[in-house]
Structures are given as C-alpha cells and as structure tokens.
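Reviewing the structure listed below.
Chain naming here is simple, since letters A, B, ... match the order of the sequence lines and numbering starts at 1 in each.
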Amino acid sequence: MVKDIWIKDVQNGVYDGQEVTLMGWIKRTRGSNKIRFVVLRDSTGTIQCVGKRDVLGDEVFENLKESLIESSVHIHGTVRADERAEGGHELDIDGFTVIGPVDPERPFPITESAMQTEDEEGNIVWGGSEFLLDQRHLYLRTTRSTTMLKLRSSAFGAIHSYFRNHDFIEYQAPNFVAGAVEGGSTLFEVPYFGRQAYLTQSWQLYAEAAMPALERLYTIAPSFRAEKSRTRRHLTEFWHAEMEMAWSSNDDIMKHGEGVVRSIAKTLLDEREEELTLLERDLDTIARYADSPYPRIRYDEAVETLQGMGVDVEWGQDLDYSKEKVLTQDFDVPHFLTHYPKIAKPFYHRMDPDDEKYVLCHDLLAPEGYGEIIGGGERTWSEKEILKRIEEEGTPKEPYQFYIDVRSYGGVPHGGFGLGVDRVVSWLAGATHIREVIPFPRTSRRVTP
RNA sequence: GCCGAUUUAGCUUAGCUGGUGGAGCGUGGGACUGUUAAUCCCAAGGUCGUGGGUUCGAGCCCCACAAUCGGCGCCA
C-alpha cells in the first residue's frame with residue numbers, strides 16, 4: 001500500500017475525472033442527514049471529500065458520520081473540479097476504510113479554540129498555552145506547525161547548498177566536551193563515567209583545529225546553553241549553523257554571513273511561497289531580504305546613534321537586546337554591527353591592528369524586532385596574540401592548550417560565524433515565538449514531551 | 001539571577017459588592033439535500049492549581065507553595 005497519490009497533486013488537477021484512493025487523516029467533518037463533507041489532510045494539503053447517503057448506503061454513510069477528527073482513512077472516489085470546495089477540487093466518495101480509528105471517549109484534544117491565545121498587549125500568540133506545549137506531539141499535525149516545519153526544512157537545505165556551492169566541507173565536532181567556548185556559566189553538566197563533561201555550546205574551537213586541514217568548513221548541529229532565558233528567541237537546545245574559513249578577514253566572513261542569509265530568504269521564496277502566504281508573510285519583504293545588501297555599522301556609530309536618540313548607553317557596554325531593538329526599528333533589512341570594544345568580547349576575537357581598543361567581529365541583527373541572528377569575526381590567530389589576550393582576560397591557559405597549539409604550528413588569518421537557524425526561520429516565518437519553528441522546543445522550564 | 005502575570009469542564013473562557021458557577025468549541029443523542037470553524041434543539045461533563053487562614057458564608061479577601069506564561073539580563 002505504497003502511497004503514490006498526494007492531495008496537493010489532486011488539487012492541482014492531475015487526477016481530474018479519475019478514480020483514486022486517497023490516504024490521510026480526517027481534519028474536519030460537517031454535513032447533514034443526506035450529505036457528509038470530510039476534509040482530508042495529508043502532508044501536502046487538504047481536500048474536501050463528499051459522501052452522499054444515496055450513493056454510499058445507510059451503513060457506510062453512518063460509519064462516515066462516526067469517523068472523528070484525526071482518524072486515518074483510505075477514501076476511494078472520483079476527483080472533480082468544484083469551485084465550491086476549498087482548493088478547487090473535490091472527491092466524490094464511493095467507499096472508505098478507517099485504518100486507525102479515534103475513540104469518541106478520547107477525541108483529538110486540540111480544538112480551534114486552543115490554537116491561538118492573546119498576550120497582555122492583545123497580540124495573537126500561536127501554540128503557546130501550557131496545554132498545547134504538553135500536547136506537542138499532536139500539535140505537530142496542525143496546519144500552523146506543519147507550515148513552520150516545511151519552512152525550516154527549506155532553510156536547512158538552503159544552508160547546506162550555500163556552503164557546498166562555495167566549496168565548504170561539512171565537518172562534525174563532538175557534542176560532549178570538556179571545556180567552555182563562552183564564559184562557562186552556561187554549560188550543561190553531564191556525568192561522564194565518574195568525570196564531569198559538558199554539552200557543547202559551539203562547534204567553533206574544534207572547527208579551528210581542522211581549519212588548517214580543510215580550510216573551509218561548516219556544520220549544522222545542535223548547541224546547548226544552560227541559560228534561564230525567558231524570551232521569544234531563546235532555546236536551551238538550538239540548531240547552530242557555523243562556518244570557519246582559513247585565509248580570511250572579518251569582511252570576508254561577513255560576505256558569507258550575508259550570502260547565506262540571503263540565500264535562505266531566496267530559497268524560501270522559491271520553495272515555500274504557498275507557506276509564506278499562508279502565514280500572511282509579505283513576499284516583497286522576504287524578497288527585499290533576499291536581494292538587498294546588508295549595511296555595516298561600526299559599534300561606535302551605533303552607540304552615537306543611540307545616544308542621539310536619547311538612549312542611556314555608554315561606550316564599552318555590550319549592546320543588549322533593548323538597544324538592539326531600538327536600532328533595528330528603523331532597519332528594513334538586516335544590518336551588521338562591527339568593531340565592538342575589546343572589553344565587551346571574549347579573547348578569541350582578534351584585536352583590530354589599526355586600533356587595539358576594538359576587535360574584528362560582527363553581529364548580524366535581523367529587523368522586525370528579531371535581533372541577533374549571527375555572531376562572528378576574525379579569530380586571534382597568532383600564538384603570540386592569543387597568549388597575550390588570554391593573559392589580559394585572566395583566562396586559565398590549561399583548558400585551551402589544544403586551541404593554542406593550533407596557532408603554534410602554522411597559524412593563518414581565519415575566522416567564522418555562528419548562525420542561529422531557529423532564529424532565522426522564526427524571523428523569516430514571522431513566528432510569534434522561536435518554539436514555533438522547532439518540533440519539540442527545549443527551554444529552561446520544559447524538556448517534555 | 002531579577003521583575004510582572006496567570007491557574008474555573010477535555011480545550012477557550014465569563015463570573016458584579018463575599019451569598020447555591022454561565023457560555024462557546026469538542027463529545028453523545030436528535031433535526032436538516034452542498035457545507036466552508038455549517039446551522040438548529042437536547043444531554044452528559046466542575047471537590048474553581050495545592051495547603052492553610054479570615055468569615056455565619058470564599059471561585060472572589062489574606063498567607064505559603066507549585067506549575068505555567070510574559071518581559072529583562074545573557075546570547076545564536
């Protein structure tokens with residue numbers, strides 16, 4: 001019983017006038033004593049199927065009436081174009097079989113009323129109730145969720161294609177690690193045969209080790225951060241697209257950051273126009289993200305702009321979300337922020353040789369209030385400089401010995417970035433929360449289901 | 001880590017001044033020949049998050065705890 005007929009193709013008129021057997025799940029039913037409408041769903045779309053008592057006979061018609069939402073069924077019938085039906089096509093049912101019934105004592109729990117709630121400002125929030133998060137395994141079947149997951153798939157595909165088309169090698173780093181990339185307070189601890197291990201926060205350090213071997217490398221892998229962040233853009237387990245490139249400057253890295261994000265936007269337009277429309281995304285806006293160059297602003301300019309707007313910010317502070325948000329309000333495309341003060345960034349960022357107060361780094365900020373989606377830059381690549389930076393920051397040398405070794409044997413200028421894939425999908429999809437774009441979101445308060 | 005809020009039927013929620021808890025969806029029964037979240041009639045379904053307190057009387061007032069949501073910090 002291999003399935004070879006897809007609802008999308010039926011709606012596209014491929015089977016007009018033909019007898020077919022459709023396989024799927026009942027999304028909704030309605031009707032009268034003589035006629036029954038069954039909206040059938042599969043992974044590709046929905047179609048209204050029509051059952052009439054005088055065609056089916058009393059017994060079959062009653063069975064059809066009794067089939068509840070999310071029952072899996074085979075429905076046999078003839079395809080017909082019909083303006084009255086959503087999608088433009090209909091199936092006249094002449095027989096059907098329930099494959100997996102649903103017990104009326106325990107009907108499918110997700111009803112229309114559960115799908116949307118409002119936050120305190122009256123904005124619609126999708127799938128955010130405790131109930132829907134508890135029922136996540138069933139929520140995945142809803143149109144909203146399916147749409148998001150399709151966009152996500154296209155985004156992953158776009159990232160792989162972009163890097164492979166630019167001669168990057170896909171490379172995997174371990175997820176169990178012994179030390180921190182970032183500050184260290186946000187590591188998940190894992191018991192490891194009597195020792196302490198951690199879940200990785202980033203692929204970067206291990207990528208730098210392979211950089212002299214592969215020169216251009218990338219990955220898409222989960223990263224873990226034990227941050228108790230309660231925001232619409234944080235997950236404790238998120239999908240991190242990272243790249244590392246030998247013989248490159250901060251500018252070279254930014255070109256690829258811009259390239260991959262624009263390529264994701266382009267791919268969504270090419271592959272998922274229908275889904276974007278369903279989410280009421282403005283296609284011209286997405287096209288602008290795909291086609292426009294992304295401007296670059298130095299940290300100093302950003303701080304001056306903010307100060308000019310009356311925002312309380314001092315030079316040397318990292319720019320937190322509240323400030324990013326103010327900055328991005330006037331943006332209609334993503335912007336790079338570059339050249340942060342050295343004191344605001346960790347040691348692996350390379351100092352700007354033109355002015356050692358700054359480091360050669362960049363963040364890419366998405367518009368519409370979505371904020372940071374990329375963080376990257378040129379690495380401190382010479383042995384001499386890395387030792388100096390580690391000492392300046394008072395970082396212990398021991399855990400980073402392998403990182404230093406990489407520089408002791410033929411270090412070269414190099415750099416890379418990390419892109420939050422879930423954040424990018426969330427932004428391009430116009431999601432109300434990052435958990436909308438990942439099947440089973442992991443946050444500080446939830447590891448189930 | 002900090003701040004704010006919520007918790008009433010399977011779900012979404014109303015509940016006035018403290019005085020015997022209403023509705024919509026879903027489910028069950030019935031009606032209806034083309035519906036679009038179909039419609040109409042009927043029914044079942046509630047120890048009002050947990051524990052304590054105030055009161056003649058608590059869904060409502062007070063305290064504690066819990067779960068969840070949102071915002072901030074931190075970041076991708």
Notebook entry, point to check: Between B:rC72 and A:Arg233, is there an OP1 or OP2 to side-chain N/O distance shorter than 4.0 Å?
Noted result: yes
Next item on the list: Looking at every strand, decide which applies to A:Asp422 at a 4.0 Å heavy-atom threshold: base, sugar-phosphate, or nothing.
Entry: nothing
Next item on the list: Using the P atom as the reference point in each nucleotide, state the distance between B:rG21 and B:rG59 in Å, no decimals.
Entry: 8 Å
Next item on the list: With a 3.5 angstrom cut-off on both distances, give the Watson-Crick or G-U wobble partner of B:rU47, or none if there isn't one.
Entry: none
Margin query: As a test of reading the structure: which of B:rU12, B:rG34, B:rC69 is closest to the side chain of A:Asp82, going by heavy atoms?
Written below: B:rG34
Check: Given B:rC25, B:rA76, B:rG34, which nucleotide is nearest the side-chain atoms of A:Thr111?
Finding: B:rC25
Item checked: Length of the line joining A:Asn33:CG and B:rG29:C1', which is rounded to integer Å -> 13 Å
Margin query: Side chain of A:Glu130, heavy atoms from C-beta onward: which of B:rA37, B:rC75, B:rA67 has the nearest atom to it?
Written below: B:rA67
Item checked: Side-chain N,O (A:Arg232) to OP1/OP2 (B:rG71) below 4.0 Å -> yes
Checklist line | Nearest-angstrom distance, P atom, B:rC69 to B:rC74 | finding: 22 Å
Checklist line | Any donor-acceptor N or O pair under 3.5 Å, side chains A:Ser426, A:Arg233 | finding: no
Next item on the list: Return the value, rounded to whole Å, for the distance between atom NE2 of A:His89 and atom P of B:rG34.
Entry: 23 Å
Check: Under 4.0 angstrom, heavy atoms only, what part of the nucleic acid is A:Gly31 near: base, sugar-phosphate, or nothing?
Finding: base
Next item on the list: For nucleotides B:rC56 and B:rG70, find the distance between their C1' atoms and express it as a whole number of Å.
Entry: 41 Å
Check: Given that both distances must come in under 3.5 Å, which nucleotide forms a Watson-Crick or G-U wobble pair with B:rC69?
Finding: B:rG4
Checklist line | Among B:rG26, B:rG70, B:rG73, the nucleotide that comes nearest once only the side chain of A:Arg230 is considered | finding: B:rG70
Check: So does A:Asp363 pair up with A:Lys345, basic N to acidic O under 4.0 Å?
Finding: yes
Next item on the list: Please state how far atom CZ in A:Arg53 lies from atom P in B:rU35, giving the value in whole angstrom units.
Entry: 18 Å
Margin query: Work out how far the P atom of B:rA67 is from that of B:rG10, and round it to whole angstrom.
Written below: 22 Å
Margin query: Quick check: any donor-acceptor pair below 3.5 Å linking the side-chain of A:Gln48 to the base of B:rU35?
Written below: yes
Check: Does A:Arg281 use its side chain to pair, donor to acceptor, with the backbone of A:Leu428 at less than 3.5 Å?
Finding: yes
Check: Does a side-chain N or O from A:Ser322 land closer than 4.0 Å to OP1 or OP2 of B:rG73, or not?
Finding: yes
Item checked: Check: A:Ser43/A:Lys150 side-chain N/O donor and acceptor closer than 3.5 Å -> no
Next item on the list: Specify the residue among A:Glu324 and A:Arg435 whose closest nucleotide of RNA chain B lies further upstream toward the 5′ end.
Entry: A:Arg435
Next item on the list: Determine the contact category for A:Arg106: base if any of its heavy atoms lies under 4.0 Å from a base atom, sugar-phosphate if only primed atoms, P, OP1 or OP2 are that close, otherwise nothing.
Entry: nothing
Checklist line | For atom CD of A:Glu242 and atom C1' of B:rC75, their distance in whole Å | finding: 13 Å
Notebook entry, point to check: Should B:rA9 form a Watson-Crick or G-U wobble pair with both distances under 3.5 Å, which nucleotide is its partner?
Noted result: none
Notebook entry, point to check: Out of B:rU35, B:rC74, B:rG70, which nucleotide sits closest to the side chain of A:Arg84?
Noted result: B:rU35
Next item on the list: Would you mind telling me which of B:rA76, B:rC72, B:rU27 lies closest to the side-chain atoms of A:Leu68?
Entry: B:rU27
Check: Whom does B:rC32 pair with, Watson-Crick or G-U wobble, provided both distances fall under 3.5 Å?
Finding: none
Check: Do we see a donor-acceptor contact under 3.5 Å between the side chains of A:Glu189 and A:Tyr198?
Finding: no
Checklist line | Candidates B:rG10, B:rG71, B:rC75 - which lies nearest the side chain of A:Glu372 | finding: B:rC75
Checklist line | Base-pairing assignment for B:rA37 (Watson-Crick or G-U wobble, both under 3.5 Å) | finding: none
Notebook entry, point to check: In whole angstroms, how far is the C1' atom of B:rG34 from the CD atom of A:Glu83?
Noted result: 14 Å
Check: When the C1' atoms of B:rG26 and B:rU13 are considered, how many whole Å apart are they?
Finding: 14 Å
Next item on the list: Give a yes/no answer on whether the side chain of A:His240 brings an N or O atom under 4.0 Å of OP1 or OP2 in B:rC75.
Entry: no
Notebook entry, point to check: How close or far is atom P of B:rA76 from atom CH2 of A:Trp427, stated in whole angstroms?
Noted result: 17 Å
Check: Is A:Phe238 stacked on the base of B:rA76 when the test is centres under 5.5 angstrom and planes under 30 degrees?
Finding: yes
Next item on the list: Remember a base hit wins even if backbone is also touched, and classify A:Leu235 as base, sugar-phosphate or nothing at under 4.0 Å, heavy atoms.
Entry: base
Next item on the list: Quick one: look up who B:rC61 pairs with, Watson-Crick or G-U, both distances under 3.5 Å, and put none if it's unpaired.
Entry: B:rG53
Next item on the list: Examine the side chains of A:Asp82 and A:His89 and answer whether a donor and an acceptor come within less than 3.5 Å of each other.
Entry: no
Check: Would you call A:His256 and A:Tyr162 a side-chain contact if the rule is heavy atoms closer than 4.5 Å?
Finding: yes
Checklist line | Pairwise P distance, B:rG45 and B:rU39 [rounded to whole Å] | finding: 24 Å
Checklist line | d(CZ, A:Arg442; P, B:rC75) in whole Å | finding: 25 Å
Check: Will you find, in the side chains of A:Arg28 and A:Gln48, an N or O donor that is under 3.5 Å from an N or O acceptor?
Finding: no
Next item on the list: Give one of base, sugar-phosphate or nothing for A:Ile373, where a contact means two heavy atoms less than 4.0 Å apart.
Entry: sugar-phosphate
Notebook entry, point to check: For B:rA14, what is the paired nucleotide under Watson-Crick or G-U wobble rules, both distances under 3.5 Å?
Noted result: none
Next item on the list: Determine the Euclidean distance between corresponding P atoms of B:rA23 and B:rC41; express it in Å to zero decimal places.
Entry: 12 Å
Next item on the list: Just name whichever nucleotide pairs with B:rG26, Watson-Crick or G-U, keeping both distances under 3.5 Å, else none.
Entry: none
Next item on the list: Answer yes or no: side-chain N or O of A:Arg423 and base N or O of B:rC75 forming a donor-acceptor pair under 3.5 Å.
Entry: yes
Notebook entry, point to check: If we take the P atom in both B:rC60 and B:rU8, what is their distance in whole Å?
Noted result: 13 Å
Next item on the list: With heavy atoms under 4.0 Å as the rule, sort A:Ile69 into base, sugar-phosphate or nothing.
Entry: nothing
Notebook entry, point to check: Going by atom types only, do A:Glu378 and A:His414 share a side-chain donor-acceptor pair under 3.5 Å?
Noted result: no
Item checked: Protein-nucleotide distance (A:Tyr340, atom OH; B:rA76, atom C1'), rounded to Å -> 13 Å
Check: Looking across every strand, which nucleic acid part, if any, lies under 4.0 Å from A:Phe37 by heavy atom: base, sugar-phosphate, or nothing?
Finding: base
Margin query: For the residue pair A:Tyr294 / A:Arg262, report whether a side-chain donor-acceptor contact shorter than 3.5 Å exists.
Written below: no
Next item on the list: Name the closest nucleotide to the A:Ser32 side chain, picking from B:rC32, B:rG10, B:rC74.
Entry: B:rC32
